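Reviewing the structure listed below.
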Amino acid sequence: EVNRLAEAWLAPQVADVLRSDTSEGTIRNRIEEQLAIVQTYIAGDGRKAEELREWRVNAITNYTFDQDSRLKGFGVGGGFRWQSAVAIGTEFIDDPELGILPDVNNPVWGPEDLKFDAWFSYKTKLSQNVDWLLKLNVRNVFNEDDLIPVFYNADGSGKVYRLAKERDWFLSSTFRF
């Protein structure tokens, strides 16, 4: 099935290469580049998608001070979000029969992802029928504008990075009646 799909995908790619300007390399080199892409898909056939994180954990907690406390109406909470490492590429191996192939059995792993959130709240009764909740949320508390690798170039030319999600502050006010 994969070979049939690979051939169906490759035929228009080869046709495009043959029709295009060859100033960037020989036709043979460009066809070999396209074949390497197809071989990558064939090598990974039947394997789980490594670019998806296998595990995730989310946890939250909240504490509201009781009615007899000096901090009556105040609350504090927090949470964390963790995701396991993700594959960001592979090294390549030189197979004697198939040529240069990605080593799908040994992926290059990116970092795990861990984020912390916090919130502070105040709740009071404005009248007999109206409750008011004021809440300050801080998402990604410890973010320091990190660079996160998302793709590994096996030729040694470096990695592709993205910026981590910035720290968010937001204030919400809720009236319940």
Side-chain angles (χ1 to χ4, degrees), residues 1-2 5-6 9 36-93 101-177:
E1 177 69 19
V2 171
L5 292 172
W9 178 83
I37 294 170
V38 171
Q39 288 172 342
T40 299
Y41 291 117
I42 291 172
D45 185 33
R47 298 178 53 83
K48 69 177 183 157
E50 296 287 355
E51 61 274 358
L52 300 177
R53 296 180 188 269
E54 186 172 7
W55 299 101
R56 300 176 194 285
V57 175
N58 297 320
I60 62 168
T61 185
N62 199 38
Y63 182 78
T64 304
F65 293 93
D66 48 14
Q67 301 298 326
D68 298 331
S69 168
R70 289 180 26 203
L71 297 174
K72 172 185 168 185
F74 285 95
V76 63
F80 77 91
R81 295 169 278 141
W82 173 83
Q83 298 180 80
S84 62
V86 62
I88 60 173
T90 64
E91 297 287 346
F92 284 85
I93 56 174
L101 291 173
D103 187 3
V104 295
N105 294 318
N106 296 305
V108 174
W109 294 98
E112 294 180 348
D113 186 26
L114 178 62
K115 295 185 173 54
F116 291 92
D117 304 328
W119 51 87
F120 308 93
S121 64
Y122 177 70
K123 183 177 180 180
T124 189
K125 278 196 159 304
L126 294 179
S127 71
Q128 184 176 351
N129 297 327
V130 180
D131 292 333
W132 178 45
L133 174 66
L134 187 63
K135 190 172 182 184
L136 173 65
N137 293 283
V138 184
R139 188 174 293 147
N140 303 326
V141 172
F142 299 116
N143 181 9
E144 297 177 5
D145 300 323
D146 295 330
L147 288 176
I148 301 170
V150 293
F151 186 78
Y152 172 76
N153 295 318
D155 65 359
S157 63
K159 295 180 182 178
V160 175
Y161 292 88
R162 71 173 170 85
L163 288 172
K165 177 100 173 87
E166 72 268 357
R167 183 179 305 120
D168 288 330
W169 298 74
F170 52 98
L171 183 67
S172 63
S173 179
T174 305
F175 297 94
R176 208 171 275 173
F177 47 92

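Quantities reported herein were computed from a predicted structural model and do not represent experimental measurements.
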* Arg139 side, atom CZ; Lys115 side, atom NZ - distance, nearest 0.5 Å -> 11.0 Å
* So does Lys72 have more than 12 non-hydrogen atoms from other groups sitting under 6.0 Å from NZ? -> no
* For Asp117 and Gly78, indicate whether the former's side chain and the latter's backbone hold a donor-acceptor pair under 3.5 Å. => no
* With a cut-off of 6.0 Å (strictly less than), are more than 12 heavy atoms of other residues, nucleotides or ligands near CZ of Phe170? -> yes
* Asked: In terms of ring plane angle, is the pair Phe175 and Trp132 parallel, tilted or perpendicular, where the classes change at 30° and 60°?
  -> parallel
* Structure fact -> Separation between CG (Asp146) and CD1 (Ile148), nearest 0.5 Å, reads 6.5 Å
* Structure fact -> Taken to the nearest 0.5 Å, the spacing of Arg176 CZ from Leu133 CG works out to 7.0 Å
* Determine whether more than 12 heavy atoms belonging to other residues, nucleotides or ligands lie under 6.0 Å from atom CZ of Arg81. => yes
* Asked: Taking the inter-plane angle between the rings of Phe116 and Phe142 on a 0 to 90° scale, is it parallel (under 30°), tilted (30 to 60°) or perpendicular (over 60°)?
  -> perpendicular
* Atom OG1 of Thr124 and atom CZ of Phe74: how far apart are they, to the nearest 0.5 Å? -> 9.5 Å
* **Heavy atoms of other groups near Lys123 NZ, more than 12 under 6.0 Å** => no
* Set of side chain to side chain contact (heavy atoms under 4.5 Å, CB included) partners for Tyr63, sequence neighbours left out -> Phe65, Val76
* Asked: Atom CG of Asp131 and atom CZ of Phe177: how far apart are they, to the nearest 0.5 Å?
  -> 11.0 Å
* Taking the side chain as C-beta and beyond, is there a heavy-atom pair between Asn140 and Glu166 under 4.5 Å? -> no
